Amino acid sequence: MSGTGQDATHEPGARAPRASDPEMPETPVTETETETAAIPYRFERTHSAAEVVEHWASLADGEESGVEVSVAGRVMLNRPQGRLAFAELRDWSGAIQLFALAKVTKDFDGLTRVNLGDWVGVRGEVVRTKRGELSVKVAEWSPLARARRGFGDKWRGVSDPEIRYRQREVDLWANESSRHILTLRSRLVKAMRERLWAAGFVEVETPILHPIAGGAAAKPFVTHHNALDADLYLRIAPELYLKRLVVGGFEKVFEIGRLFRNEGISPRHNPEFTTLELYQAYADYGDLMVLIEELVSGLAQDLLGTTTLSYQGRPLELAAPWRRATMVELITEHTGLKVDVHTPIDELRSAARAHGVTPDDSWGPGKILVEVYEKTTEAELWGPVFVMDYPAEVSPLARRHRDDLDLVERFEPVVAGRELANAFSELTDPDDQRARFEEQAAAHRAGDEEANEVDEDYLRALEYGLPPTAGFGLGIDRLTMLFSDVSNIREVIAFPTLRPEH
RNA sequence: GCGCCUCUAGCUCAACGGCAGAGCAACGGACUCUUAAUCCGCAGGUUUCGGGUUCGAAUCCCGAGGGGCGCACCA
């Protein structure tokens with residue numbers, strides 16, 4: 001804030017005028033204010049619940065440790081029993097029992113009246129009860145927050161998705177699996193960063209507000225900058241900026257961040273989602289296959305202690321190396337069709353119709369091929385498998401295949417029927433890139449909202465020289481789903497996008 | 001965007017054309033080793049909303065809204 005006048009709210013005693021001020025209506029002292037007055041500004045905690053459990057694991061039944069600790073958390077169960085009482089206190093680390101006795105616990109009656117969900121801080125000796133439960137024998141305690149609202153059924157918690165996702169704070173206290181999944185996600189991102197840093201990659205942040213939404217085929221969100229009086233787009237991919245950093249000399253670079261795509265919401269799609277996007281100079285897409293299979297299997301090892309997963313009841317082996325197969329090989333395997341980008345277009349069209357794909361007149365052979373692949377083959381691939389060599393027609397940013405100029409050196413690792421990433425040897429030729437942009441721009445003008453526009457800034461960067469480079473984007477939400485064995489993307493996002501309430 | 005399913009007390013669920021209920025939570029009480037403690041008491045509802053059929057609707061029908069799943073789109 002500016003330096004005009006003192007900040008009255010920081011002055012002790014300078015509270016809002018009360019009844020003494022004739023200008024102000026009389027403000028009664030509410031129950032809330034008296035409750036709040038009993039709540040300290042800080043609480044000196046000496047141990048987490050888990051630390052108590054670990055440190056005094058060998059305490060015998062009925063034994064007293066002689067050591068006093070302070071713990072804090074939310075009361076999840078409360079069992080007053082006349083002149084003694086038990087409660088379960090849960091904090092981030094776990095849970096510990098509170099044991100209170102009327103003759104030793106200060107404000108014993110108050111403690112027995114604590115509601116489920118209330119936060120309390122407790123000081124007392126670590127003991128184990130006669131029945132063998134490690135406990136803190138409460139000498140004194142303090143309320144830290146009252147739960148005015150309940151946390152659902154104390155045994156079943158809450159299961160209504162409306163509450164679970166809109167009021168995640170309730171879900172997280174009520175359902176251990178929700179806490180576990182979000183913690184796993186945090187550990188995954190941390191381990192991913194550590195592996196990439198160790199491999200010499202530099203982490204960067206590129207703009208989220210883009211003047212042109214490029215780097216992927218998707219509909220963007222539009223926003224407006226008032227001072228510039230310019231429309232800006234929330235990024236659909238960081239790809240073009242990251243490659244400009246490679247032009248600038250960042251030979252191994254990555255970004256972990258949020259992308260925004262203005263598309264439908266489904267159990268596998270959130271409008272904002274997180275990806276790892278990575279570029280490596282002097283490398284081609286073959287190098288990336290090794291990098292990805294080692295990264296993903298290594299993360300499984302880091303987080304789960306194994307590369308052998310079970311996903312939705314089916315076994316999934318992530319150990320490297322993963323199978324490598326071209327898209328046309330896989331189409332042939334799954335449909336018996338012997339087709340490729342050079343197959344006469346009429347033949348491709350009828351083959352597509354025979355497999356439930358209705359080709360649009362504007363589609364070339366490449367587009368038809370990809371549609372047939374996605375319709376017939378992709379969901380059947382359990383994998384992991386690297387699906388290689390996409391048609392150039394559908395890949396405007398990828399470099400043409402060294403053995404076939406109608407293909408590009410692109411692959412998608414498919415795991416459990418879903419693409420986990422998208423990777424290619426990057427197109428480095430500014431002239432070819434301009435030509436591909438022009439094709440996209442024509443499609444955009446013809447009504448394809450997902451087609452790219454010509455990005456002159458990016459073309460200029462390529463003219464300064466992009467060395468041979470390979471890069472990929474990998475969905476972190478999807479990877480977390482895989483590792484936590486859930487089928488709905490909302491489970492791995494703390495606050496998934498929902499229709500606004502009312 | 002389209003299709004199917006769903007919505008009952010704060011939470012989890014019964015009642016499925018005939019008086020809207022239970023457990024937990026909350027509230028009041030009993031209880032000196034509980035473990036989802038137990039026991040007694042009390043309170044809690046325009047059955048998501050709006051129409052319709054019927055002597056009678058939480059229940060059947062139509063519409064709206066929220067949610068779930070599938071399809072489409074995509075990662």
Side-chain angles (χ1 to χ4, degrees), chain A residues 61-62 76-88 95-105 108 112-118 127-135 137 147-167 170-171 173-175 215-219 236-237 258-277 356-358 370-371 374-375 378-379 412-415 417-423 448-450 472-482 487-490 498-502:
Chain A
D61 291 1
M76 301 307 286
L77 295 169
N78 195 7
R79 295 186 286 273
Q81 193 177 321
R83 304 307 289 160
L84 83 169
F86 304 89
E88 182 184 303
I96 182 75
Q97 179 169 270
L98 304 181
F99 174 48
L101 285 160
K103 60 185 174 191
V104 302
T105 301
F108 174 85
T112 63
R113 284 196 301 270
V114 159
N115 283 348
L116 300 194
D118 284 1
V127 302
R128 193 178 292 278
T129 60
K130 290 180 203 166
R131 294 289 183 89
E133 188 73 27
L134 191 68
S135 309
K137 191 165 86 178
R148 293 194 199 182
R149 300 168 182 268
F151 279 77
D153 189 285
K154 74 178 177 185
W155 183 239
R156 304 197 210 199
V158 294
S159 56
D160 181 0
E162 185 76 12
I163 297 172
R164 289 195 52 229
Y165 299 131
R166 277 196 204 281
Q167 303 182 48
V170 176
D171 176 47
W173 273 105
N175 299 313
K219 291 177 206 156
I236 57 173
R258 208 74 61 86
L259 269 43
F260 307 85
R261 298 191 181 175
N262 206 340
E263 289 156 358
I265 296 174
S266 84
R268 283 161 295 278
H269 301 270
N270 199 60
E272 51 180 306
F273 61 102
T274 304
T275 64
L276 161 67
E277 193 140 330
V357 175
T358 309
V370 168
E371 291 290 331
E374 288 177 354
K375 180 85 175 181
E378 185 177 76
E412 291 188 357
V414 173
V415 185
R418 289 279 157 187
E419 60 269 41
L420 186 64
N422 184 20
D448 184 351
E449 290 179 78
E450 298 182 352
F472 69 85
L474 182 151
I476 286 180
D477 311 270
R478 292 259 175 95
L479 188 59
T480 307
M481 290 168 70
L482 214 54
S487 59
N488 192 324
I489 197 169
R490 288 174 168 176
L498 301 173
R499 187 181 300 276
E501 222 170 349
H502 306 130

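Here is the naming used below: chain letters follow the sequence lines, and residue numbers restart at 1 for every chain. Since we're looking at a predicted model, the values are computed, not measured.
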Does [X] reach a base, just sugar-phosphate, or nothing at all? Heavy atoms under 4.0 Å.
{"X": "Pro267(A)", "value": "sugar-phosphate"}
{"X": "Gly82(A)", "value": "base"}
{"X": "Arg156(A)", "value": "sugar-phosphate"}
{"X": "Gly157(A)", "value": "sugar-phosphate"}
{"X": "Asn270(A)", "value": "base"}
{"X": "Ile163(A)", "value": "sugar-phosphate"}

Point-to-point distance, once rounded to the nearest 0.5 Å, from [atom1] of [X] to [atom2] of [Y]:
{"X": "Phe151(A)", "Y": "Met76(A)", "atom1": "CZ", "atom2": "CE", "result": "7.0 Å"}
{"X": "Glu133(A)", "Y": "Glu88(A)", "atom1": "CD", "atom2": "CD", "result": "8.5 Å"}
{"X": "Gln97(A)", "Y": "Leu77(A)", "atom1": "CD", "atom2": "CG", "result": "9.5 Å"}
{"X": "Asn175(A)", "Y": "Ser159(A)", "atom1": "CG", "atom2": "OG", "result": "8.0 Å"}
{"X": "Arg418(A)", "Y": "Arg268(A)", "atom1": "CZ", "atom2": "CZ", "result": "4.5 Å"}
{"X": "Leu134(A)", "Y": "Ile96(A)", "atom1": "CG", "atom2": "CD1", "result": "4.0 Å"}

Rounded interatomic separation in angstrom, taking [atom1] from [X] and [atom2] from [N]:
{"X": "Gln167(A)", "N": "rC11(B)", "atom1": "CD", "atom2": "P", "result": "9 Å"}
{"X": "Glu272(A)", "N": "rA75(B)", "atom1": "CD", "atom2": "P", "result": "17 Å"}
{"X": "Arg148(A)", "N": "rC27(B)", "atom1": "CZ", "atom2": "C1'", "result": "17 Å"}
{"X": "Glu263(A)", "N": "rC2(B)", "atom1": "CD", "atom2": "P", "result": "18 Å"}
{"X": "Glu162(A)", "N": "rG65(B)", "atom1": "CD", "atom2": "P", "result": "15 Å"}
{"X": "Asn78(A)", "N": "rA37(B)", "atom1": "CG", "atom2": "P", "result": "9 Å"}
{"X": "Asp153(A)", "N": "rA25(B)", "atom1": "CG", "atom2": "P", "result": "8 Å"}
{"X": "Asn262(A)", "N": "rA72(B)", "atom1": "CG", "atom2": "P", "result": "20 Å"}

Between [N] and [M], how far apart are the two [atom1] atoms, rounded to whole Å?
{"N": "rC24(B)", "M": "rC55(B)", "atom1": "C1'", "value": "39 Å"}
{"N": "rC40(B)", "M": "rC31(B)", "atom1": "P", "value": "16 Å"}
{"N": "rU6(B)", "M": "rG21(B)", "atom1": "P", "value": "24 Å"}
{"N": "rG51(B)", "M": "rU38(B)", "atom1": "C1'", "value": "50 Å"}
{"N": "rA15(B)", "M": "rA22(B)", "atom1": "P", "value": "15 Å"}
{"N": "rG52(B)", "M": "rA58(B)", "atom1": "P", "value": "15 Å"}
{"N": "rC19(B)", "M": "rG10(B)", "atom1": "C1'", "value": "25 Å"}
{"N": "rG45(B)", "M": "rC7(B)", "atom1": "C1'", "value": "15 Å"}

Of the candidate nucleotides [options], which contains the atom at the shortest distance from the side chain of [X]?
{"X": "Trp155(A)", "options": "rC33(B), rA36(B), rA26(B)", "answer": "rA36(B)"}
{"X": "Lys375(A)", "options": "rA72(B), rA37(B), rC33(B)", "answer": "rA72(B)"}
{"X": "Gln81(A)", "options": "rA75(B), rU32(B), rU35(B)", "answer": "rU32(B)"}
{"X": "Arg166(A)", "options": "rU12(B), rG67(B), rC69(B)", "answer": "rG67(B)"}

Kindly say if [X] contacts the phosphate of [N], meaning a side-chain N or O under 4.0 Å from OP1 or OP2.
{"X": "Arg268(A)", "N": "rA75(B)", "answer": "no"}
{"X": "Arg113(A)", "N": "rG28(B)", "answer": "no"}
{"X": "Lys154(A)", "N": "rA25(B)", "answer": "yes"}
{"X": "Arg83(A)", "N": "rU32(B)", "answer": "no"}
{"X": "Thr275(A)", "N": "rA75(B)", "answer": "no"}
{"X": "Asn115(A)", "N": "rA26(B)", "answer": "yes"}
{"X": "Gln97(A)", "N": "rU35(B)", "answer": "no"}
{"X": "Arg149(A)", "N": "rA25(B)", "answer": "no"}

Asn78(A) (side chain) donor-acceptor with Val114(A) (main chain) under 3.5 angstrom: yes
Sidechain-backbone polar pair: Arg261(A) side chain, Ile236(A) backbone, donor-acceptor under 3.5 Å: yes
Check: rU35(B) base within 3.5 Å donor-acceptor of Glu133(A) side chain: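 Side chain to base: pair present.
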Side-chain-base donor-acceptor pair under 3.5 Å for Asp160(A) and rG67(B): no
Criterion side-chain contact (heavy atoms from CB on, under 4.5 Å) on Leu482(A) and Val415(A), from CA distance to verdict: CA-CA 9 Å; Leu482(A) 214 54; Val415(A) 185; 3.5 Å; yes
Residue met sooner reading RNA chain B from 5', once Phe99(A) and Ile265(A) are mapped to nucleotides: Phe99(A)
Residue pair Pro80(A) / Ala85(A): nearest heavy atoms and the distance that separates them: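 What the structure gives for the nearest pair is CA-CB, 3.7 Å.
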Closest non-hydrogen atom pair, Pro413(A) against Ala421(A): CD-O, 3.4 Å
Geometric class of the Phe86(A)/Phe99(A) ring pair [parallel <30°, tilted 30-60°, perpendicular >60°]: parallel
Face-to-face contact Phe86(A) to rA37(B) six-ring, under 5.5 Å, under 30°: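 So Phe86(A) does not count as stacking on the base.
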Identified side chain to side chain contact (heavy atoms under 4.5 Å, CB included) counterpart of Leu474(A) within the set Thr275(A), Asn422(A), Thr274(A), Leu479(A): Leu479(A)
Shorter than 3.5 Å, N or O on both sides, protein versus nucleotides 3-8 of chain B: list them out with atom names.
none

Stems involving RNA chain B, each a run of at least 3 consecutive Watson-Crick or G-U pairs under 3.5 Å: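 Stem segments, range with range: B:1-7 with B:65-71, B:10-13 with B:21-24, B:27-30 with B:38-41, B:48-52 with B:60-64.
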